Number of protein chains: 2
Amino acid sequence: METKKTTIKDIARLTGLSKGTVDRVLHNREGVSKKSYAKVMEVIKDLGYEPNVYASLLAQKKERVIVVLLPKYEPGEFWELTEEGIIEGADSSSNLGVKVAKVDYDQYDIESFRTACSKALALEPSGVVLAPMFRNETLVFVDKLNTLGIPFVYIDTKLETNSYLAYFGMPTYQSGYLCASILADEQQVDEVAMIRIQRDKFGKSDPTINRREGFIDYIAEHSPDCSLHNLFIDPNKPKEIDATLEKFFAEHPGIRYIAMFNSRIYLITSFLAKHPEKNYRVVGFDNLAANIKALKSGLVTCLIAQRPEDQARRAISALTDYLVFGHEPSSRDNFMPMDILTRYNAEYY
Amino acid sequence: METKKTTIKDIARLTGLSKGTVDRVLHNREGVSKKSYAKVMEVIKDLGYEPNVYASLLAQKKERVIVVLLPKYEPGEFWELTEEGIIEGADSSSNLGVKVAKVDYDQYDIESFRTACSKALALEPSGVVLAPMFRNETLVFVDKLNTLGIPFVYIDTKLETNSYLAYFGMPTYQSGYLCASILADEQQVDEVAMIRIQRDKFGKSDPTINRREGFIDYIAEHSPDCSLHNLFIDPNKPKEIDATLEKFFAEHPGIRYIAMFNSRIYLITSFLAKHPEKNYRVVGFDNLAANIKALKSGLVTCLIAQRPEDQARRAISALTDYLVFGHEPSSRDNFMPMDILTRYNAEYY
DNA sequence: GCAGTTTCCGTGCACGGTAACGGAAAATTT
DNA sequence: AAATTTTCCGTTACCGTGCACGGAAACTGC
């Protein structure tokens with residue numbers, strides 16, 4: 001039942017042409033008459049010819065580079081998880097003759113992003129993967145990629161440009177909604193604290209904004225009388241955090257529910273550990289090692305994780321597929337599952 | 001920085017031998033002197049030579065077959081999810097020259113399993129993936145595979161043989177434990193119903209047994225005074241189920257918590273729909289379409305899913321890796337994450 | 001009708017690895 | 001020491017595709 005794969009040689013034989021000409025047709029190279037072109041195309045369609053990618057790769061020896069633009073990170077931070085996926089993806093792409101190069105930038109310094117973009121272009125990439133932090137600068141960069149005909153894939157967040165090859169990320173609004181539903185355990189809640197991080201945001205695209213919206217909407221729908229409190233902490237001054245929290249929760253003794261929309265729920269664990277009697281119900285985001293630790297120790301009730309490794313791995317794999325095989329991704333916008341992690345299932349992620 | 005990949009030709013040149021001889025060494029074929037063998041091995045180690053798999057594949061044109069032994073299923077049943085992963089895996093293995101053939105059997109008919117095993121062997125597989133249902137028969141089959149030198153991978157459940165290449169499945173005990181923790185929402189519970197399916201089990205390996213153990217242990221640890229009720233229903237007589245449930249819950253009006261350890265929580269949704277006033281808290285397993293529907297409609301509180309597609313896909317991929325590249329799997333026992341699905345995140349799985 | 005262009009296409013080597021073939025050298029027999 | 005066998009290894013054709021080279025045919029201009 002398994003018919004032998006048809007090859008270029010078969011097509012050459014059936015058309016009475018040589019494999020050189022067939023090759024020219026396959027690659028739309030010039031120097032072939034309309035008649036021959038049509039004949040070859042017909043036979044190709046008839047036999048359902050598909051080139052042997054590995055033979056092709058072998059013959060070409062073309063070097064391709066995918067450049068990945070990511071924020072710099074300290075060990076244990078969110079972007080480290082993404083990097084893991086990058087490495088995995090790079091690994092499996094390498095035997096398809098695709099190298100992966102990372103260029104990083106400071107996500108709080110717009111100038112470093114500009115520099116990173118230049119560096120990326122200097123590498124003459126065949127494709128780019130990027131996590132867009134600065135809206136306007138990204139638009140400029142993406143424009144350049146377009147004119148150069150370089151395909152690119154968004155991860156984490158995307159901009160509403162219409163040229164990207166694919167996007168891999170989390171449904172941010174829904175993740176906030178989910179967060180609230182878990183925090184409330186689908187019951188009525190009366191007072192909720194949203195702990196936030198104050199930062200200058202010059203046009204940054206930020207998933208936490210959508211998350212908060214989803215969160216607030218759920219609460220509004222299910223517990224219309226609930227009062228939502230905002231509390232800001234500064235991760236750069238870790239020593240002040242506990243005091244800030246102590247003060248706030250002393251003023252609001254009725255609050256039992258705490259949510260945080262960025263990946264740094266671990267910042268409040270030292271406070272939580274001091275108040276076991278309050279039995280806070282706490283939901284945060286992302287499976288950082290520090291968060292998992294807090295989860296297992298029972299200080300955090302639940303984490304919502306978004307598989308940043310998968311995002312990165314699949315982004316690279318989709319881009320590689322496109323570059324090597326010419327396959328368009330089966331869907332352009334790909335939303336990763338929102339994993340609910342508790343102390344009892346965390347270690348299997 | 002990126003040194004050119006070393007090839008057989010390089011090794012031949014450096015050892016002063018021909019690539020034919022190098023090839024003999026690489027494949028442990030006979031007809032090469034100890035001296036030459038040692039010389040080649042040394043250079044290989046020095047240069048960190050890795051063969052170009054695609055060139056090798058191209059030259060060999062060897063046909064390999066992976067046989068997958070799975071229970072038959074009706075549309076919408078658990079094993080359909082596994083099959084999806086099989087198809088995916090088969091797809092990506094096919095461009096490495098590995099075909100995948102499925103052989104199915106009736107999981108309630110031991111004789112059909114024997115037949116399936118014979119069929120599988122008749123296909124002269126290079127590797128086998130199997131979900132073992134019948135303990136003794138599987139041991140016999142696995143023994144045969146061993147003597148034939150055919151590697152195999154367990155999915156779903158495994159037997160404690162010491163010869164399997166890898167295992168992909170769920171941590172069943174922990175999944176029961178997790179199930180209880182979610183059902184109780186880490187609170188005290190007083191009465192819980194475990195709905196079960198009665199079946200002849202002649203030595204079948206069955207994940208639901210471990211799940212129940214994990215479940216019972218959690219309850220015993222956290223709610224020692226809780227009474228656990230067993231209730232049996234028969235999926236072959238769907239019309240009787242509702243009556244059975246009505247009777248049971250009428251006799252036990254205090255029960256609010258319901259768990260089920262197989263994939264068929266959907267069987268009780270018609271009952272649940274009739275008693276919204278009881279506000280049952282219900283936890284089941286596996287993301288069957290019917291279960292997801294029940295989840296989204298709010299009849300089921302939560303599902304614990306085990307990614308059967310991933311199990312299958314990764315099993316095939318690991319086996320392919322081993323057959324083609326000679327890579328041993330990085331870990332032998334691979335436990336999939338236990339995904340917690342609620343109505344708010346289900347659609348992203 | 002001839003030289004010069006263009007257009008079109010066949011030939012042949014390369015990519016990295018496999019494996020059959022056959023021959024030289026070494027080991028064994030007579 | 002010649003004949004035979006065995007051990008070892010180089011040569012070669014091939015897998016399917018890409019691409020450079022060069023030649024034949026067709027077309028141009030005179």
Side-chain angles (χ1 to χ4, degrees), chain A residues 2-41 43-44 47-64 94-98 126 323-326, chain B residues 2-41 43-44 47-64 94-98 126 323-326:
Chain A
E2 184 63 38
T3 57
K4 277 242 173 348
K5 272 262 202 178
T6 64
T7 72
I8 278 197
K9 216 198 281 180
D10 298 328
I11 299 174
R13 191 165 31 76
L14 288 172
T15 53
L17 294 162
S18 73
K19 61 198 188 89
T21 305
V22 176
D23 185 64
R24 272 180 277 261
V25 173
L26 286 170
H27 295 82
N28 282 314
R29 258 180 292 149
E30 56 185 3
V32 36
S33 65
K34 293 158 292 314
K35 202 166 59 172
S36 303
Y37 183 88
K39 218 187 319 183
V40 171
M41 286 308 273
V43 175
I44 286 180
L47 303 191
Y49 166 78
E50 283 190 25
N52 180 323
V53 194
Y54 303 112
S56 168
L57 249 35
L58 185 60
Q60 291 189 89
K61 282 200 71 66
K62 202 194 286 183
E63 287 275 314
R64 295 180 225 250
S94 76
N95 34 30
L96 290 159
V98 178
S126 309
L323 294 174
V324 176
F325 301 83
Chain B
E2 184 63 38
T3 56
K4 275 244 179 334
K5 272 261 198 176
T6 64
T7 72
I8 277 200
K9 214 198 285 179
D10 299 328
I11 299 174
R13 190 167 32 78
L14 288 172
T15 53
L17 294 161
S18 73
K19 54 197 194 106
T21 306
V22 176
D23 186 61
R24 272 181 277 261
V25 173
L26 286 171
H27 295 80
N28 284 314
R29 258 179 293 148
E30 57 183 3
V32 35
S33 65
K34 295 158 288 324
K35 201 164 59 170
S36 303
Y37 184 89
K39 217 187 318 183
V40 171
M41 288 307 272
V43 175
I44 286 180
L47 303 191
Y49 167 79
E50 285 189 23
N52 180 324
V53 198
Y54 303 110
S56 168
L57 250 35
L58 186 60
Q60 293 189 88
K61 285 203 68 67
K62 203 193 288 181
E63 285 276 312
R64 297 180 223 249
S94 75
N95 37 29
L96 279 90
V98 179
S126 309
L323 293 175
V324 177
F325 301 82

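None of these values were measured; they are calculated from a predicted model. Chain naming here is simple, since letters A, B, ... match the order of the sequence lines and numbering starts at 1 in each.
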- Task: State, to the nearest 10°, the angle formed by the axis through the first five base pairs of the helix from C/dG1-D/dC30 to C/dT30-D/dA1 and the axis through its last five.
- Result: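 Rounded to the nearest 10 degrees, the bend comes out at 50°.
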
Interatomic distance, [X] [atom1] vs [N] [atom2] [rounded to whole Å]:
{"X": "B/K39", "N": "D/dC8", "atom1": "NZ", "atom2": "P", "value": "14 Å"}
{"X": "A/L17", "N": "D/dA24", "atom1": "CG", "atom2": "P", "value": "18 Å"}
{"X": "A/D23", "N": "C/dC13", "atom1": "CG", "atom2": "C1'", "value": "14 Å"}
{"X": "B/L58", "N": "C/dA19", "atom1": "CG", "atom2": "P", "value": "13 Å"}
{"X": "A/L26", "N": "D/dC19", "atom1": "CG", "atom2": "P", "value": "12 Å"}
{"X": "B/N52", "N": "D/dC15", "atom1": "CG", "atom2": "P", "value": "18 Å"}
{"X": "B/K5", "N": "C/dA14", "atom1": "NZ", "atom2": "C1'", "value": "19 Å"}
{"X": "B/D10", "N": "C/dC15", "atom1": "CG", "atom2": "C1'", "value": "13 Å"}

- What's the shortest heavy-atom distance between A/V40 and A/T15, and which atoms?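 Heavy atoms only, the tightest pair is CA-CG2, 4.0 Å.
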
- Message: Which heavy atom of A/S18 sits nearest to which heavy atom of A/A12, and what is that distance?
- Response: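 Where A/S18 meets A/A12 most closely, the heavy atoms are C-CB, 3.8 Å.
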
Looking only at the side chain of [X] (C-beta and beyond, no hydrogens), which of the listed nucleotides [options] gets closest?
{"X": "B/I8", "options": "D/dG10, C/dC9, C/dT18", "value": "C/dT18"}
{"X": "B/T21", "options": "C/dC15, D/dG10, D/dC15", "value": "D/dG10"}
{"X": "B/S18", "options": "D/dC15, C/dG17, D/dG10", "value": "D/dG10"}
{"X": "A/H27", "options": "C/dG16, D/dG18, D/dC9", "value": "D/dG18"}
{"X": "B/A59", "options": "D/dC15, D/dG16, C/dG10", "value": "D/dC15"}
{"X": "B/T7", "options": "D/dC15, C/dT18, C/dG16", "value": "C/dG16"}
{"X": "A/S33", "options": "C/dA19, C/dC9, C/dG17", "value": "C/dC9"}
{"X": "B/Y49", "options": "D/dG16, C/dC9, C/dG17", "value": "C/dG17"}

- Would one find a side-chain N or O of A/K9 under 4.0 angstrom from OP1 or OP2 of D/dC15?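 Checking D/dC15 against A/K9, a side-chain N or O does come within under 4.0 Å of OP1 or OP2.
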
Report yes if the side chains of [X] and [Y] come closer than 4.5 Å at any heavy-atom pair, otherwise no.
{"X": "A/R64", "Y": "A/L96", "result": "no"}
{"X": "B/I44", "Y": "B/L26", "result": "yes"}
{"X": "B/L17", "Y": "B/V25", "result": "no"}
{"X": "B/I8", "Y": "B/Y49", "result": "yes"}

With a 4.0 Å cut-off on heavy atoms, is [X] in touch with a base, just the backbone sugar-phosphate, or nothing at all?
{"X": "A/Y37", "value": "nothing"}
{"X": "B/G97", "value": "nothing"}
{"X": "B/L57", "value": "nothing"}

- Please state whether the base of C/dG17 and the side chain of B/K19 form at least one donor-acceptor pair under 3.5 Å?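 For B/K19, whose side chain was compared with the base of C/dG17, there is a donor-acceptor pair (under 3.5 Å).
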
- Message: Is it the case that the base of D/dG18 and the side chain of A/R24 share a donor-acceptor contact (distance under 3.5 Å, atom types as modelled)?
- Response: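 No.
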
- Query: Mind checking what makes side chain to side chain contact (heavy atoms under 4.5 Å, CB included) contact with B/L58, not counting sequence neighbours?
  - Reply: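 B/L58 satisfies side chain to side chain contact (heavy atoms under 4.5 Å, CB included) with A/N52, A/A55, A/L58 only.
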
- Query: Which sits closer to the 5' end of DNA chain D, B/Q60 or B/K34, going by the nucleotide each is nearest to?
  - Reply: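 Whichever sits nearer the 5' end wins; that is B/K34.
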
- Item | Euclidean distance, A/S33 OG relative to A/K39 NZ, rounded to 0.5 Å |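 It is 8.0 Å, given to the nearest 0.5 Å.
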
- Query: Taking the side chain from B/R24 and the backbone from B/V32, do they hold a donor-acceptor pair closer than 3.5 Å?
  - Reply: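 It does not hold such a pair.
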
- 5'-most contact on DNA chain C: A/G20 or B/E50, nearest heavy atom basis?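 With A/G20 and B/E50 compared, the 5'-side residue is A/G20.
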
